[in-house]
Amino acid sequence: MDRSGVTLERMRSFVRVAERGSLSAVAREQGVGQSTVSRHVADLEGALGVTLLNRTTRRLTLTDEGRRYHAEARTILRLVDEATDGARRAGSGLTGTIRISCTAALGVRHVCRMLFSLQDLYPEIVVDLSLSDARIDLVQEAVDVAIRLGPLADSTLQCRTLGRSRRILVASRAYLAERGRPETPDDLAAHASIRMSNLTGGGTLSLRGRDGSAVLIPFDGRLRVDHGLAAREALVQGRGIAAAHVWLIDDLLAAGSVEQILPDFTPEPVPLSLLVVPGRTRIKRVRMLVDALAASLATLPGLDRQ
């Protein structure tokens with residue numbers, strides 16, 4: 001084996017190809033040509049004297065040797081990152097890149113400002129923020145931390161539950177002036193609704209009364225959107241009634257452009273969680289980010305701490 005050919009650069013390329021299953025995806029991620037990534041893997045295989053990947057025109061799969069090497073290489077690269085992080089801290093304070101995934105509307109409305117403040121405190125930290133409601137694979141996408149709304153599937157990720165995000169029924173003042181104000185949950189059937197199409201069971205709405213009673217009502221209007229900011233705009237434009245997170249419309253409530261309706265009946269709150277890739281909290285900048293986000297999100301409008 002030619003040990004001089006086993007470089008960290010080639011090892012990183014192989015690990016990412018193994019996790020993403022695509023040379024082109026890794027090339028885009030690293031900002032290099034696909035041929036460069038392919039050459040890194042081929043050179044690493046040549047130095048090791050084994051085949052790590054089975055290549056066909058349709059897919060890449062790990063060989064048995066590739067699976068073993070991938071697990072060991074990931075451990076090595078994590079240790080290298082931690083050692084580098086420690087050396088940088090000793091020399092020049094917190095530095096490096098933090099990759100964050102956040103549910104889109106929450107990211108735009110609140111998390112961006114939190115991250116701006118963080119960078120003001122630590123100017124050498126690079127923030128790579130991805131805004132998406134899709135449940136991505138954090139390891140595959142090389143994400144350190146994710147902020148997620150809603151129930152979570154069982155996972156090997158570390159999870160910190162921050163609380164439950166309250167939702168309320170709201171409509172614009174203009175809509176209520178034109179269509180009238182619902183007085184009971186049953187009245188909602190005669191009104192236009194703004195429905196989140198990416199929620200399971202979005203065609204019905206579960207409300208809970210102040211006395212703890214549950215009410216299930218149809219909620220399937222002409223407008224369906226898959227983004228919270230689109231629902232917010234639809235509210236402002238008087239397109240109907242929505243079950244909105246308080247943090248999404250707190251400024252509109254304060255300005256009086258939207259109003260709460262049926263205050264005695266509220267939709268079920270939604271869990272808000274921080275997910276972290278195991279091992280990443282050993283890196284100081286990631287650990288600091290998790291603690292800072294948890295503290296900042298604790299002040300989120302409408303978040304009930306558990």
Side-chain angles (χ1 to χ4, degrees), residues 102-114 129 131-135 147-151 162-210 214-272 296-297 299-304:
C102 181
T103 187
L106 178 60
V108 173
R109 287 279 296 123
H110 295 280
V111 174
C112 279
R113 290 196 298 274
M114 299 175 187
L129 175 63
L131 298 176
S132 172
D133 292 330
R135 298 302 175 92
I147 304 168
R148 286 289 175 259
L149 275 168
L162 303 177
R164 296 174 71 80
S165 176
R166 275 186 283 119
R167 296 185 294 160
I168 59 176
L169 292 171
V170 290
S172 72
R173 181 180 296 177
Y175 174 87
L176 294 173
E178 178 183 350
R179 298 287 298 272
R181 183 182 294 270
E183 299 296 335
T184 70
D186 288 339
D187 293 342
L188 293 172
H191 283 266
S193 62
I194 302 166
R195 170 187 163 187
M196 295 298 295
S197 59
N198 55 349
L199 295 181
T200 302
T204 58
L205 185 63
S206 177
L207 301 176
R208 189 161 297 278
R210 289 191 188 276
V215 181
L216 194 65
I217 61 171
F219 201 72
D220 193 14
R222 292 192 303 123
L223 181 60
R224 305 173 187 176
V225 298
D226 66 356
H227 198 298
L229 294 180
R232 173 185 161 99
E233 183 63 21
L235 273 170
V236 171
Q237 297 299 324
R239 307 306 299 179
I241 295 170
H245 291 278
V246 173
W247 52 259
L248 182 65
I249 42 85
D250 58 303
D251 58 329
L252 302 178
L253 283 170
S257 54
V258 303
E259 299 179 7
Q260 184 176 6
I261 61 171
L262 298 175
D264 290 337
F265 296 88
T266 55
E268 294 292 338
V270 178
L272 178 66
S296 295
L297 289 168
T299 66
L300 194 68
L303 185 70
D304 295 327

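A quick note: this is a predicted structure, and the numbers were derived from the prediction, not measured. For the single chain, residues carry numbers from 1 onward in sequence order. The analysis underlying the following values was restricted to heavy atoms, covering all of them including side chains, and did not include hydrogens, waters or symmetry mates.
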(message) Once rounded to the nearest 0.5 Å, what's the spacing between atom OH of Tyr175 and atom CD1 of Ile261?
(response) 8.0 Å
(request) Begin with the C-alpha distance, continue with both residues' side-chain angles, and end with the deciding distance and a verdict on side chain to side chain contact (heavy atoms under 4.5 Å, CB included) for Arg109 and Leu229. (result) CA-CA 9 Å; Arg109 287 279 296 123; Leu229 294 180; 4.0 Å; yes
(message) I'd like to know if the side chain of His245 reaches the main chain of Trp247, judged simply by a donor and an acceptor atom lying under 3.5 Å from each other, with no hydrogens or angles considered.
(response) no
(request) Grab the two heavy atoms, one from Ser172 and one from Gly238, that are nearest each other, plus how far apart they are. (result) OG-CA, 3.3 Å
(request) Give, for atom CZ of Arg224 and atom OG of Ser193, the distance between the pair rounded to the nearest 0.5 Å. (result) 9.0 Å
(message) Nearest 0.5 angstrom please: Leu216 CG to Leu205 CG, how far?
(response) 8.0 Å
(request) Supply the atom-to-atom distance Asp226 CG to Met196 CE, rounded to the nearest 0.5 angstrom. (result) 6.5 Å
(message) Side chains of Leu129 and Cys102, heavy atoms from C-beta outward: is any pair under 4.5 Å?
(response) yes
(message) A side-chain contact here means heavy atoms from C-beta on lying under 4.5 Å apart; do Leu272 and Thr103 qualify?
(response) no
(message) Rounded to the nearest 0.5 Å, what separates atom CD1 in Ile147 from atom CG in Leu297?
(response) 5.0 Å
(request) State, to 0.1 Å, how close Pro182 and Leu262 come at their nearest heavy-atom pair, and which atoms those are. (result) O-CD2, 3.6 Å
(message) If I compare all heavy atoms of Leu303 with all of Ser165, which pair ends up nearest, and what's the gap?
(response) CD1-N, 3.9 Å
(message) Treating Arg181 as the side-chain partner and Leu176 as the backbone partner, does any N or O pair qualify as donor plus acceptor under 3.5 Å?
(response) no
(message) Tell me the closest heavy-atom pair linking Leu235 and Ala171, and the distance in Å.
(response) CD2-CA, 4.0 Å
(message) Restricting to non-hydrogen atoms, name the atom on His227 and the atom on Ala105 that form the minimum distance, rounded to 0.1 Å.
(response) CE1-N, 4.0 Å
(request) Give a yes or no answer on whether the side chain of Asp133 reaches the backbone of Ala104 with a donor-acceptor pair at less than 3.5 Å. (result) yes
(message) Any non-hydrogen side-chain atom of Leu106 less than 4.5 Å from a side-chain atom of Leu300?
(response) yes
(message) Nearest 0.5 Å, please: how far is CZ in Arg173 from CD in Glu259?
(response) 5.5 Å
(message) Any side-chain to backbone donor/acceptor pair from Arg167 onto Glu268? Under 3.5 Å, distance only.
(response) yes
(request) May I ask you to decide if Leu248's main-chain N or O and Arg232's side chain share a donor-acceptor pair within less than 3.5 Å? (result) yes
(message) Taking side-chain contact (heavy atoms from CB on, under 4.5 Å) as the criterion, tell me which of Ile249, Asp251, Val170, Leu252 meets it with Ser257.
(response) Leu252
(message) Which heavy atom of Pro267 sits nearest to which heavy atom of Leu207, and what is that distance?
(response) N-CD2, 3.7 Å
(message) List the residues meeting ring pair (Phe, Tyr, Trp, His ring centres under 6.0 Å) with His110, not counting sequence neighbours, and say none if there are none.
(response) none
(request) For Arg239, look at atom CZ and say whether over 12 heavy atoms of other residues, nucleotides or ligands are found less than 6.0 Å away. (result) no
(message) Looking at Arg164 and Asp304, is there a salt bridge between them, counting it only when a charged N and a carboxylate O are closer than 4.0 Å?
(response) no
